[in-house]
Amino acid sequence: MVFWTCLMSLFLWFRVSPANADEWSAVVPQSVVGLSGSCVLIPCTFSYPSNGKTYTEFTGIWYKENFESKVYHTDTSEISDAFKGRTSLTGDLHQKDCSLNISSLSSSDNGSFMFRIVIKDLDKYTYVKNKVSIIVKETPETPSISVEEEVTSGKPVTATCAVSHSCPSDLPHVTWSHNGTHLSPSQPQNLTFYSLTFTPSREDHNKSLSCSAQFKGKTVTGCKTLKVKYPPYNVNVVTRASVKENDSVELTCSSDSNPHANSYQWFSSNGTMLANGPTYKLERVSRHTEAISCTANNTEGNNSSGPRKLNILYPPEIKGESSCQYKHLTVCVCIVDSNPPSKVKWFGPGSSKAFSSTSIKQNESLTIFTLQGWLGFPETIQCFANNSLGSVSITLEAPQNSILIYIGVASAVVFVLVTILVFIMRRRCGKRATQQSVMKNKQTEMKTTQNKSDLENKEEASSVEDIYTNCPDSLVYDNWGCDVKPFSSDRTLEYEAIYSNM
């Protein structure tokens with residue numbers, strides 16, 4: 001097989017006239033890269049010695065290696081089985097364009113290829129000196145991004161992504177990692193350029209701008225780190241969390257910018273400029289020190305911090321407005337200025353009795369402690385305040401509640417009246433008990449006398465009966481004609497006395 005291949009090569013060489021060989025030429029790249037599974041295009045142009053004549057019948061043939069297989073033939077039946085249905089001429093031979101397209105590439109397609117032309121009524125020629133090598137890769141080449149070295153925040157910029165490919169009819173799908181306006185891609189030879197116009201911001205600084213190309217399920221990504229210039233932002237006054245009154249403190253102006261800030265100014269809350277430089281030192285700070293701000297500047301602009309109020313620590317101070325008043329009830333108010341906030345305790349005279357605040361209100365550094373109540377207030381109340389830096393106290397006069405006096409007097413009067421009433425009632429109840437006892441005794445005597453009287457009456461009745469029995473009837477109706485004695489007056493008086501007592 002090798003022998004016949006070599007023999008064919010010699011035959012084709014000898015068929016070409018040496019005198020005319022210099023006029024037969026072709027232009028092809030030395031190599032093309034194709035992606036496995038995709039296609040590859042071999043750009044090709046050729047020339048021949050026409051000698052002023054016009055030729056209309058051309059037959060184009062592509063061979064692999066040294067004529068070992070026919071990659072393409074005008075007569076498709078001549079194409080080798082390994083390439084049948086996968087090759088086509090994309091150019092027009094009449095226009096001297098011999099470009100070849102091979103689809104469904106695989107690793108077996110690696111190798112060199114050459115073109116042969118057959119021109120009716122002229123000659124035939126194989127361009128063995130103009131071979132092109134096909135390299136089949138499993139992974140596509142990484143896209144290349146080009147953008148300005150430094151961009152400015154807020155100003156539009158255009159980036160370009162160059163994607164290498166070998167198949168113009170099956171371009172990859174390209175995506176950007178940044179939002180913006182996409183321009184139509186351009187395709188010079190085997191490169192396609194995708195452009196993106198966007199407006200960078202400070203958040204893009206040192207971030208990657210990426211371009212991803214997807215080929216038949218295979219994706220590659222190219223990246224470029226953006227350098228964005230922007231004015232200072234997030235300007236802050238940095239210092240200690242807290243400082244004691246009368247101490248010194250150093251302030252620093254911090255900011256984020258590109259390029260770095262090159263100058264700083266310090267201002268009081270009323271706008272007066274205090275100093276220049278990245279740091280500022282305050283001597284002997286007090287609770288009345290004003291808020292301070294700073295401004296940072298660079299080549300792109302400037303920005304200022306918000307006013308920073310220092311956290312000054314100092315011991316408690318009780319305000320003169322602290323006092324006790326009476327309105328419907330006694331209310332004592334102790335106003336304490338301190339940082340950190342103070343704790344307050346209330347005491348009576350001699351600190352013998354402690355009271356708890358009924359309400360506490362915080363207003364920045366001022367704390368208002370309130371003590372209120374109806375009863376039990378002494379004439380003076382002591383407010384004692386303390387925090388981690390010291391303590392202080394004040395004695396307040398508590399006005400006495402006149403209503404309490406009235407209530408006390410009224411209570412005493414009511415108590416006396418109740419005592420008298422109880423005494424009277426007890427006496428009355430005692431007399432009634434005595435009378436009831438006397439009545440019981442008299443009733444007993446009456447019963448005894450009654451029984452005795454009844455007995456005497458019975459005896460008398462018997463005597464009378466005897467008299468009436470012994471007296472003749474004619475005397476009965478007479479005026480006591482018989483010797484009958486009437487009731488004695490003494491007995492009558494006795495009965496009257498009994499009934500009278502009853």
Side-chain angles (χ1 to χ4, degrees), residues 1-18 20-21 23-50 55-138 165-170 189-190:
M1 181 66 183
V2 176
F3 172 79
W4 287 108
T5 301
C6 294
L7 185 61
M8 178 68 74
S9 300
L10 291 174
F11 174 76
L12 290 173
W13 272 105
F14 285 114
R15 286 293 307 272
V16 178
S17 171
N20 297 328
E23 299 182 21
W24 296 88
S25 64
V27 178
V28 293
Q30 290 185 347
S31 64
V32 291
V33 177
L35 180 64
S36 177
S38 184
C39 71
V40 67
L41 176 66
I42 302 175
C44 173
T45 58
F46 68 97
S47 63
Y48 55 91
S50 62
Y55 301 94
T56 57
E57 292 189 23
F58 299 87
T59 299
I61 307 168
W62 278 90
Y63 291 95
K64 182 181 180 183
E65 302 296 348
N66 295 320
F67 310 102
E68 64 183 30
S69 57
K70 289 182 181 179
V71 176
Y72 173 80
H73 196 285
T74 305
D75 182 1
T76 57
S77 62
E78 296 287 333
I79 300 175
S80 301
D81 292 339
F83 292 95
K84 192 167 288 187
R86 296 198 297 128
T87 58
S88 62
L89 283 181
T90 60
D92 185 356
L93 295 177
H94 294 84
Q95 301 297 325
K96 300 180 181 180
D97 188 344
C98 53
S99 300
L100 175 69
N101 185 78
I102 305 174
S103 62
S104 302
L105 287 175
S106 66
S107 57
S108 61
D109 294 328
N110 283 300
S112 60
F113 293 75
M114 55 187 174
F115 178 66
R116 175 178 173 80
I117 187 70
V118 177
I119 305 174
K120 186 179 180 181
D121 299 330
L122 177 59
D123 209 339
K124 56 188 72 173
Y125 188 84
T126 302
Y127 300 93
V128 292
K129 293 182 179 180
N130 306 104
K131 293 182 179 181
V132 56
S133 177
I134 292 180
I135 302 170
V136 179
K137 291 186 175 181
E138 297 296 326
H165 63 86
S166 58
C167 187
S169 63
D170 188 16
Q189 296 180 358
N190 63 339

#### Entry: Backbone N/O of Gly60 and side chain of Thr74: donor-acceptor pair under 3.5 Å
yes

## Note on the structure
Those residues at least two apart in sequence (or on a different chain) that pass side-chain hydrogen bond (donor to acceptor under 3.5 Å, both in side chains) with Thr59 are none

### Query
Where is the tightest heavy-atom contact between Ile61 and Phe115, given as atom of each residue plus distance?
O-CD1, 3.3 Å

### Summary
Residue set satisfying side-chain hydrogen bond (donor to acceptor under 3.5 Å, both in side chains) with Asp81, at least two apart, ordered chain then number -> none

#### Entry: Non-hydrogen side-chain atoms of Tyr72 and Ile102 separated by less than 4.5 Å
no

### Message
Test: salt bridge (Lys or Arg N to Asp or Glu O under 4.0 Å). Region: residues 102-114. Which pairs qualify, not counting sequence neighbours?
### Response
Arg86-Asp109

### Task
Spell out, as yes or no, whether a donor-acceptor pair under 3.5 Å connects the side chain of Asn101 to the backbone of Ser88.
no

### Query
Any side-chain heavy atom of Asp123 within less than 4.5 Å of one from Trp24?
yes

### Separation of Ser107 OG from Glu138 CD (nearest 0.5 Å)
6.5 Å

### Message
Can you list everything that forms a side-chain hydrogen bond (donor to acceptor under 3.5 Å, both in side chains) with Ser77? Sequence neighbours excluded, please.
### Response
Asp75

### Task
Can you see which heavy atom on Asp121 is nearest to which on Tyr55, and at what distance?
O-CE2, 3.6 Å

### Task
Identify, with sequence neighbours excluded, every residue that meets salt bridge (charged side-chain N to carboxylate O under 4.0 Å, His left out) alongside Lys70.
Glu78

Let me have the donor-acceptor pairs involving side chains of residues 33-46, under 3.5 Å, with sequence neighbours excluded, atom names and distances please.
none

#### Entry: Atom pair CG (Leu100) and CG (Leu89), whose distance is rounded to the nearest 0.5 Å
6.0 Å

### Query
Under the salt bridge (charged side-chain N to carboxylate O under 4.0 Å, His left out) test, which residues partner Glu57, sequence neighbours left out?
Lys120

### Task
Work out which heavy atom in His94 is nearest to a heavy atom in Thr56; give both atom names and the distance.
NE2-O, 2.7 Å

#### Entry: Step-by-step side-chain contact (heavy atoms from CB on, under 4.5 Å) determination, Phe67 to Thr126
CA-CA 10 Å; Phe67 310 102; Thr126 302; 3.8 Å; yes

### Message
On a heavy-atom basis, which atom in Ser69 and which in Phe83 lie closest, and how many Å separate them?
### Response
OG-CE1, 4.0 Å

### Query
For the atom pair CD1 (Ile119) and OH (Tyr125), what is the distance rounded to the nearest 0.5 Å?
12.0 Å

### Message
Which residues pass the side chain to side chain contact (heavy atoms under 4.5 Å, CB included) test with Asp97, not counting sequence neighbours?
### Response
Ser99

#### Entry: Close side-chain approach of Asn130 to Val132, heavy-atom, < 4.5 Å
no

### Task
Any chance you could measure Lys64, atom NZ, to Thr87, atom OG1, to the nearest 0.5 Å?
12.5 Å

## Note on the structure
Sequence neighbours excluded, the answer for ring-ring contact (aromatic ring centres under 6.0 Å, His included) partners of Tyr48 is Phe58

### Query
Sub-3.5 Å donor-acceptor pair from the side chain of Trp62 to the main-chain atoms of Cys98, do we have one?
yes

### Query
Which residues pass the salt bridge (charged side-chain N to carboxylate O under 4.0 Å, His left out) test with Asp170, sequence neighbours left out?
Lys216

#### Entry: side-chain hydrogen bond (donor to acceptor under 3.5 Å, both in side chains) involving Ser106 - partner list, sequence neighbours excluded
Ser108

### Task
Return the set of residues passing side chain to side chain contact (heavy atoms under 4.5 Å, CB included) with Lys131 (not counting sequence neighbours), or none when no residue passes.
Asn66, Ser112, Met114

